[in-house]
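First the structure, in the form of structure tokens, and then the observations on it.
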Amino acid sequence: MKVSFWLLDINYEVRNGKPEIWLWGISKNGERVLIIDQSFTPYFYAVPKEGVSPETVVEQIRSFSWVSQARTVKRRYFGKKVAAVQIFCRNPEKIPKYAKAVQKLDGVKECFEDDIRYSMRYLIDNDVVPCGWHEIEVEEPREKLDVKVDHVYVAKASPKHVESTLTPELKILGFSIICYSSKGMPKPEKNPVVIISVATNDGRERQFVAESNDDKPVLEAFMRYVHDFDPDIIVGYGSNRQDLPYLTKRCQVHGIRLRLDRIGGEPHTSVYGHVSITGRANIDLYDFADEFAEVKVKNLENLADYLGVMKRSERTIIEDVDYAEHWESPEKRKLLLKFSAENTRCIMGIASRILDFATQLSSLVGLPLDHVGTAAVGFRVEWFIIKHVHKIGELVPKRRERPYTPYAGAIVLPPKPGIHENIAVLDFKSMYPNIMVAYNISPDTYIPPGEPPPPSGFFEAPEVGHRFRKEPPGFYKEILTYLISVRDKIRSQLKSLSPKSVEYRVLDARQKAVKVVTNASYGYAGWIGARWYIKPVAEAATAWGRSIISNAVKIAEKLGLTVIYGDTDSLFVKHEPEKIEKLSKEIGEKIGLEIKPDKIYTRVLFTEAKKRYCGLLPNGQLDVVGLEVVRGDWATVAKKVQEKILEIVLKEKSPRKAVEYVHRVIGEIREKKTPFRELVIWKSLTRPLDEYAVRAAHVEAAKLLLKEGWEISTGDKIGYVIVAGEGKLYERAKPYVLANYDEVDTEYYVQKQILPAASRILQMFNVKKEELLPPKTAEKTKLTEFF
DNA sequence: GCTTCAACAGTACCT
DNA sequence: ACAGGTACTGTTGAAGCG
């Protein structure tokens, strides 16, 4: 019997001493299926020492009772041929231990791939793709299993991956919780889950609410609901780190088990910190928030607002410090219930905008859907590489600790300060990936100093002199060529589709996933944590990059194009189409890379600073780069003022009008008419509180939260305001949730927020800071008028 | 003992 | 827990001053 299924989740079980791979999927006809594959034997490799034959190692290894098979195989390591011994064994969990024993053998130099987990091993070796379609020959199982699916099958052969852009109809359940503690952060040991709000993608919404703070019925009702709806995907926001561990512990306190999965077990935290719910995909949307760099404070309401799910201004927002007071009051409790329901509605909305990307990323890099969000960028790239190089027999190097040694990066040209009219921004498209392709830069093509060059020749990087063989193509070249061409192909396909169609949505998500992996490839190459880290690989890419951009500048100037600015792979030049055309042509011929106008600014303003400017686009939009407007660590009021100044200055060319505007805003601040929220400054904690060498405002604010019983962790964004009083700035920082407007130091906001942000722009028009303060005479005028 | 100032710490941005 | 290059603010402690 043949089954077609889309792979949702994968896990393994050891039954009767035998490992089994469990593939959870959705079949073509919409049935939920579990396919059990008992045929896959885990293994790892041992590479013999110089002068030792692999056969000798095979002999030595046979003495271990746990070895089910050992054979010599041909593999590669950093592109070089190696004879290795592949060692199979029954128990996947013992592999690291077995590898250690083998490592100790006389003839063994190093073991490999003992750090590849069994289920990933299975996916890679069988070319099984998460969130992808497969066909498989199966039979009915001999025994009955107590699992929640329509059908259980036993595999008779390995699954065959089938290329398809179809996605099955997935059942999605979103949830959020509210926990109650009379003071400070709720603790699962003692504080109840008072509200659980659930929504499902069939349009239903439910709330489970505690009576008299007894949450056992709430938890049980939630479990029943999940069981009855039987979702394929469970989504939350912060659910990996907060909600699911809390619910799990809370159930334990009541002596029950949180059962949400398809086999009757508890959720458990696993690789990269994801919470696994067997048979379903548990997705924490927070793990995808990094994709939206424009959102500075990555909480649910901000992300929902940004993605157009629910406007912040139309939401009921309650700070966590205020949950208790809302829960305790019968009147305010209604608001809390509304807030919670809206949270889940936001989760569902965000899910609908992220899940296509998540599934595409999962199938592209080969990580299971519930892992791919929690895996850091470097690991996503790495799994994509592992998946690819398996096909060419490249052994996966061990991750090892290395000292950090810096290397030179890109060139940034000093900008020509002032306002420039009609400026074209030229860009090298995917510069580093294309450089790596063009010069065959790869871990497996690198020729170390002293090694004789191959007859087919080599490329030598400028400045740094690193050499890379021309032939055969390295795996970076193969991977990047594939990624670049696939993205081009998808993008041309998209042009013939309606943006509203399902196919468009899926393909667009796919090209985004491809883009993410492509763009991260250079960074991966220079990451000391990378398994295939070779510093010269990254160093050569930037060296070629520097030479390319420098040459481009020379060519531009030779053609009479004034270069206003440039950063890494971009050049800002006067928009003169014929010259630009010539430039593009010459660069293509001489350098072999493509440079294209990316956008044209009607007007663009530079100060003396690099990486900070503001351009006016033909459609009237402002493009603010690097300035306070786009920074998350300035008070909103200052950012708004600067943005308005930029608009006035670039559109109306009237610095005088801008100055008047600043006067008005400063007046409003001093009268405390500015909304309190616009005074909040947000900064991240980048380390534990006690590891800071100097005292800083956001750190002191965090300590105050801690004192109030709130847990603080690295990575949290602390929102604070500066209050009036004596002493250093850090002594006057207070978490905004604990502060009153009355105590705010408005002069700080005038002097240290508004003035610097405004003056940054207006100093270009010779406006002095003093001139930005509202004139006292204005007050007099007002008073005279009054009298 | 006070002010001044350069070095440093810290954060967030750009490509 | 993908790279290096850059701007900027506030803290710190030594230098400079009298």
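Chain naming here is simple, since letters A, B, ... match the order of the sequence lines and numbering starts at 1 in each.
- Ring centroids of A:Tyr613 and A:Phe572 are separated by less than 6.0 Å, placing the two rings close together.
- Residues A:Tyr432 and A:Trp544 place their aromatic rings such that the two centres sit no closer than 6.0 Å.
- Under the 3.5 Å distance criterion, the side-chain polar atoms of A:Gln642 are matched with a main-chain donor or acceptor of A:Glu628.
- For the pair A:Tyr524 and A:Tyr730, nearest-nucleotide mapping onto DNA chain C gives the more 5' position to A:Tyr524.
- Taking the charged nitrogens against the carboxylate oxygens, A:Arg380 and A:Glu291 do have a contact shorter than 4.0 Å, which makes a salt bridge.
- Side-chain rings of A:Tyr522 and A:Trp527 stay apart, their centers remaining 6.0 Å or farther from each other.
- A salt bridge links A:Arg732 to A:Asp745: at least one charged side-chain nitrogen sits closer than 4.0 Å to a carboxylate oxygen.
- Using a 4.0 Å heavy-atom cutoff across all strands shown, A:Arg399 reaches no nucleic acid atom at all.
- Within 4.0 Å (heavy atoms only), A:Tyr404 reaches sugar-phosphate atoms of the nucleic acid but no base atom.
- For A:Tyr736 and A:Trp682, the ring centers are positioned less than 6.0 Å apart.
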What pairs of nitrogen or oxygen atoms, one from the protein and one from nucleotides 11-15 of chain B, lie under 3.5 Å apart?
from: B:dT11; atom 1: OP1; to: A:Ser684; atom 2: O; distance (Å): 3.2
from: B:dT11; atom 1: OP1; to: A:Tyr692; atom 2: OH; distance (Å): 2.7
from: B:dT11; atom 1: OP1; to: A:His698; atom 2: NE2; distance (Å): 2.6
from: B:dT11; atom 1: OP2; to: A:Thr686; atom 2: OG1; distance (Å): 2.2
from: B:dA12; atom 1: OP1; to: A:Ser684; atom 2: N; distance (Å): 2.9
from: B:dA12; atom 1: OP1; to: A:Ser684; atom 2: OG; distance (Å): 2.9
from: B:dA12; atom 1: OP2; to: A:Ser684; atom 2: OG; distance (Å): 3.2
from: B:dA12; atom 1: O4'; to: A:Arg631; atom 2: NH2; distance (Å): 2.8
from: B:dC13; atom 1: OP1; to: A:Lys296; atom 2: NZ; distance (Å): 3.0
from: B:dC13; atom 1: OP1; to: A:Val630; atom 2: O; distance (Å): 3.2
from: B:dC13; atom 1: OP1; to: A:Gly632; atom 2: N; distance (Å): 2.7
from: B:dC14; atom 1: OP1; to: A:Gly626; atom 2: N; distance (Å): 2.7
from: B:dC14; atom 1: O2; to: A:Lys611; atom 2: NZ; distance (Å): 2.9
from: B:dT15; atom 1: OP1; to: A:Tyr613; atom 2: OH; distance (Å): 2.8
from: B:dT15; atom 1: O3'; to: A:Asp567; atom 2: O; distance (Å): 3.2
from: B:dT15; atom 1: O3'; to: A:Asp569; atom 2: OD1; distance (Å): 2.0
from: B:dT15; atom 1: O3'; to: A:Asp569; atom 2: OD2; distance (Å): 3.3

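- Here the range on DNA chain C touched by chain A, meaning any atom under 4.0 Å from one of its heavy atoms, is C:dA1 to C:dT12.
- With respect to the salt-bridge test (charged N to carboxylate O, under 4.0 angstrom), the residues A:Lys703 and A:Glu700 qualify.
- The pair A:Lys398-A:Asp114 counts as a salt bridge, with a side-chain nitrogen and a carboxylate oxygen less than 4.0 angstrom apart.
- Within 4.0 Å (heavy atoms only), A:Phe606 reaches no atom of the nucleic acid at all.
- Stem list for DNA chain C (at least 3 consecutive Watson-Crick or G-U pairs, distances under 3.5 Å): B:1-15 with C:3-17.
- At the heavy-atom level, A:Gly409 lies under 4.0 Å from the strands shown only through sugar-phosphate atoms.
- Between A:Tyr446 and A:His466, the ring-plane angle classifies as perpendicular under the 30° and 60° cut-offs.
- Among the atoms of the strands shown, base atoms are found under 4.0 Å from some heavy atom of A:Ala520.
- Residue-level contact check: A:Tyr432 touches neither bases nor backbone, having no heavy atom under 4.0 Å from any strand.
- There is a side-chain donor-acceptor pair under 3.5 Å between A:Gln511 and A:Arg487.
- Here A:Ala410 lies in heavy-atom contact (under 4.0 Å) with sugar-phosphate atoms only.
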